Amino acid sequence: MTAIEVRDLCKRYGGTRAVDGVSFTVAAGETFGVIGHNGAGKTTTVECLVGLRRPDSGTVRVLGEDPARRRRVLAQRIGVQLQESELPGRLKVAEALKLYASFYESPDDWRAVLERWGLAPIRNKSFGDLSGGQKQRLQLALALVGAPEVVVLDELTTGLDPIARRETWRLIGDLKASGTTVVLVSHYMDEAEALCDRMAVFGAGRIAALGSPRELVERTGTGSLEEAYFALAEVAR
Ligand SMILES: Nc1ncnc2c1ncn2[C@@H]1O[C@H](COP(=O)(O)OP(=O)(O)OP(=O)(O)O)[C@@H](O)[C@H]1O
């Protein structure tokens with residue numbers, strides 16, 4: 001079953017072609033990586049997936065719905081963690097999770113999410129007093145508390161220490177095992193290799209290459225995904 005279908009997506013900002021004819025599909029239960037240089041169009045693409053931006057042209061379907069028209073309906077079924085989203089500074093960790101859980105018809109138990117994401121020890125801390133990594137972990141927990149079918153994660157582990165990073169990978173592994181569809185925007189090839197079934201390498205608003213990490217390594221005749229990425233990104237710029 002197809003969870004996400006994007007066909008000929010185009011989005012420009014003034015004279016900038018941020019996304020210029022992007023097409024891909026993501027199967028239900030797949031973890032799909034969106035990789036590429038700064039300004040390649042990754043965030044714009046995922047913002048179109050979650051209904052935050054309206055495409056200029058092309059088709060986007062998530063769980064069979066058009067996110068630009070059916071954002072409210074899809075909000076019950078999609079979890080989103082975007083770069084640099086903020087919460088009110090005084091909101092406490094546990095309050096935030098409880099509040100977000102209340103937005104959904106059939107959420108996970110927010111207390112269990114608090115435990116699973118290692119947030120219990122800081123449950124009474126205010127958002128404004130959290131470290132960067134703690135904020136990041138809370139944002140992830142908030143993206144997942146609604147028990148979504150599709151999760152869109154933009155820079156999942158940016159700012160996390162190495163142990164928190166591995167722990168986050170393990171939790172995303174659990175999410176995959178539960179059948180959740182994951183779209184993962186990342187700059188880290190080790191992360192893509194560890195988590196992604198397939199990935200799209202973006203360059204200048206287009207997809208330069210698409211395949212499993214192993215296929216991309218084979219196609220470029222390189223020895224690692226990192227080298228494959230350098231080879232593909234060089235061509236794509
Ligand atoms: N709100 C905006 N107004 C004008 N231009 C924008 C806007 N958002 C993005 N752009 C431009 O669109 C292009 C794609 O940006 P986008 O944020 O989608 O890239 P990205 O691949 O997510 O980059 P990064 O890895 O740095 O997050 C860039 O040239 C960027 O400057």
Side-chain angles (χ1 to χ4, degrees), residues 4-26 31-62 66-68 71 74 78-86 132-133 135-140 142-143 150-160 165 168-169 172 181-196 198-211 213 216 220 225-237:
I4 297 171
E5 186 176 6
V6 175
R7 216 175 323 125
D8 285 330
L9 176 65
C10 293
K11 177 77 192 172
R12 44 159 88 219
Y13 304 105
T16 306
R17 287 171 191 261
V19 180
D20 190 16
V22 158
S23 302
F24 62 89
T25 57
V26 182
T31 296
F32 187 81
V34 174
I35 314 289
H37 63 76
N38 293 131
K42 305 180 298 296
T43 297
T44 303
T45 300
V46 298
E47 285 176 343
C48 290
L49 289 185
V50 302
L52 283 174
R53 291 205 188 274
R54 190 176 278 269
D56 293 337
S57 59
T59 312
V60 178
R61 292 287 178 271
V62 178
D66 178 351
R71 191 173 154 202
L74 277 174
I78 309 183
V80 184
Q81 176 239 349
L82 292 178
Q83 289 175 46
E84 294 162 21
S85 31
E86 285 288 325
K135 280 185 181 167
Q136 178 85 345
R137 208 132 29 101
L138 175 60
Q139 297 288 7
L140 272 166
L142 294 176
V150 172
V151 187
V152 176
L153 305 170
D154 197 347
E155 305 200 4
L156 171 72
T157 61
T158 304
L160 295 188
R165 206 161 166 251
T168 302
W169 288 6
I172 298 298
T181 307
V182 182
V183 175
L184 180 68
V185 181
S186 182
H187 286 297
Y188 304 117
M189 293 309 124
D190 57 349
E191 188 160 291
E193 195 147 39
L195 298 176
C196 295
R198 286 187 310 132
M199 51 195 263
V201 180
F202 277 62
R206 292 171 173 269
I207 292 182
L210 200 157
L216 296 184
T220 50
L225 190 60
E226 183 120 353
E227 284 173 44
Y229 173 69
F230 286 136
L232 293 164
E234 196 57 41
V235 179
R237 263 184 195 270

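Everything quoted here is computed from the prediction, not taken from an experiment. Counting starts at 1 for both ligands and their atoms, following the listed order. Residue indices begin at 1 and follow the sequence shown.
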Trainee: For Ala209 versus Leu232, what's the shortest heavy-atom pair and its separation?
Mentor: CB-CD2, 3.7 Å
Trainee: Run Leu195 and Leu156 through side chain to side chain contact (heavy atoms under 4.5 Å, CB included) and show every step you take.
Mentor: CA-CA 11 Å; Leu195 298 176; Leu156 171 72; 4.0 Å; yes
Trainee: List by chain and number: which residues place a heavy atom under 4.0 Å from ligand 1?
Mentor: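 Tyr13, Thr16, Ala18, His37, Asn38, Gly39, Ala40, Gly41, Lys42, Thr43, Thr44, Arg53, Gln83, His187.
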Trainee: Tell me, please, which residues at least two apart from Thr43 pass side-chain hydrogen bond (donor to acceptor under 3.5 Å, both in side chains).
Mentor: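 Gln83, Asp154.
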Trainee: Would you verify whether the NZ or CZ of Arg198 falls within 45 degrees of the ring axis of Phe24 while also being under 6.0 Å from that six-membered ring's centre?
Mentor: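 The answer is no, since Arg198 fails at least one limit relative to Phe24.
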Trainee: Would you say CZ of Arg17 has more than 12 non-hydrogen atoms from neighbouring residues, nucleotides or ligands within 6.0 angstrom?
Mentor: no
Trainee: If you take all heavy atoms of Ile35 and Met199, which pair is closest and at what distance?
Mentor: CG1-CE, 3.7 Å
